[in-house]
Number of protein chains: 2
Amino acid sequence: MTASRMNETQIDHILKHNQLSVTDSRKKILELFLSSNGALAHGDIEKKTGEKFDRVTVYRTLQVFMEKGIIHTIPTADNSVRYALCKDDCTEGHHHDNHVHFVCSSCGNTICLEDVTVPDVKLPKGFQPEEFQMVVTGVCRECQ
Amino acid sequence: MTASRMNETQIDHILKHNQLSVTDSRKKILELFLSSNGALAHGDIEKKTGEKFDRVTVYRTLQVFMEKGIIHTIPTADNSVRYALCKDDCTEGHHHDNHVHFVCSSCGNTICLEDVTVPDVKLPKGFQPEEFQMVVTGVCRECQ
DNA sequence: TTAATTTATGCAACTTTGTTGCAATTTTTT
DNA sequence: AAAAAATTGCAACAAAGTTGCATAAATTAA
């Protein structure tokens, strides 16, 4: 079993496990996320799929992946929405992501720092927290 | 001197201090920020100014305020860009904001938690941090 | 394996959001 | 009060995202 073959099995499994039809676009987009250790913007996906799929399909695929909890959005200071794979038991639409995200100001990539957990903070009385997200901007390893 | 009168003096001073012409739109938009303890999206501003100013003017005003360091953007998990007043000595375009932002999932408001500082985190080797931002999602004081 | 059913895709048309150039207006300077 | 500088609003555009619907593909049932 080759690496790509194994990858395809994994991809199919994720889709079926989430009760999604296995289609070319979904397989390809999911593969992109699996082979990228960072986060992807809608535009990145359109470019990397080589305009093989309609813009609308990409939008709808991301939407479905969000609903199923396969991916989640990452906050950025600029106006770009970035998506990243959910790790582990992220089966609901609601995602509680507890690692720090790093946005490189040089290459623009967003990297999930899996090993860096978001520290807890104390909030003033009356604020009921549901999710903590932390974004660090700076220069990444590749761009030093 | 009435409150509104004092406010106007304050507003004029901020604009002049930043070498900006004192115009109706800038005064009004700055007033909005001063009277709101949270962050504002472009759309909020358009609504609250009662469509008195052209969309382009609002965009350009926000842009200029950003350049002058009067306001800064706040990261959000959705695709909306939100702006908030810079406190204290934020005279450059580059802004290092060190307080936590709270986004209410009920009313949608973004509140600057001035008293809650962003905790430091250790990054893996090779990552050069420039700015740390933290966003907490949940239910705010008003919406409990 | 094929037919029936369900689901996803792609197209077109549209809305929303943001940008640019330029003439007219307003603000600031002299 | 006039000249110079800066800002505004308009129009036209570009980019980003959404919706309805017929076609095509994937899944289920026979």
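Just so we're on the same page: letters track the sequence lines, and every chain starts at 1. This is a predicted model, so every value here is computed, not measured.
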Just call it for [X]: base, sugar-phosphate, or nothing, with non-hydrogen atoms closer than 4.0 Å on any strand.
X        : value
Val22(B) : sugar-phosphate
Arg55(B) : base
Arg60(B) : base

Taking the side chain of [X] as heavy atoms from C-beta outward, which of [options] is closest to it?
X        : options                   : answer
Tyr59(A) : dG17(D), dG9(D), dA8(C)   : dG17(D)
Arg26(A) : dG9(D), dT9(C), dT8(D)    : dT9(C)
Asp24(A) : dC10(D), dA26(D), dC11(C) : dA26(D)
Val56(A) : dT19(C), dC11(C), dT8(D)  : dC11(C)

Output the rounded distance in Å from [atom1] ([X]) to [atom2] ([N]).
X        : N       : atom1 : atom2 : value
Leu62(B) : dG18(C) : CG    : P     : 10 Å
His42(A) : dT16(C) : NE2   : P     : 19 Å
Glu67(B) : dT7(D)  : CD    : C1'   : 14 Å
Gln19(A) : dT27(D) : CD    : C1'   : 13 Å
Glu46(B) : dT17(C) : CD    : P     : 8 Å
Asp54(B) : dT19(C) : CG    : P     : 14 Å
Asn18(B) : dA6(D)  : CG    : C1'   : 16 Å
His17(B) : dT28(C) : NE2   : P     : 17 Å

Requested in this report: For the residue pair His42(A) and Tyr59(A), categorise the inter-ring angle as parallel (less than 30°), tilted (30 to 60°) or perpendicular (more than 60°).
Outcome: parallel
Query raised in the report: Do Val136(A) and Val139(A) belong to the same hydrophobic cluster, where Ile, Leu, Val, Met, Phe, Trp and Tyr are linked whenever their side-chain heavy atoms lie under 4.5 Å apart, directly or via other members?
Result: no
Query raised in the report: Checking Asp44(B) side chain against Ala41(B) main chain: does a donor-acceptor pair fall under 3.5 Å?
Result: yes
Report summary line: Judged by nearest nucleotide, the residue sitting upstream toward the 5' end of DNA chain C, Gln63(B) or Lys52(A), is Lys52(A)
Query raised in the report: Where do Leu20(A) and Ile70(A) land on the side chain to side chain contact (heavy atoms under 4.5 Å, CB included) test, with the steps shown first?
Result: CA-CA 11 Å; Leu20(A) 294 174; Ile70(A) 299 172; 4.0 Å; yes
Query raised in the report: Is there a side-chain polar atom (N or O) of Ser21(A) under 4.0 Å from OP1 or OP2 of dA25(D)?
Result: no
**Report entry** Residue-phosphate contact under 4.0 Å: Thr23(B) side-chain N/O, dT8(D) OP1/OP2
**Finding:** yes
Requested in this report: Applying side chain to side chain contact (heavy atoms under 4.5 Å, CB included), run through Val58(B) and Ser25(B) and close with a yes or a no.
Outcome: CA-CA 8 Å; Val58(B) 178; Ser25(B) 53; over 6 Å; no
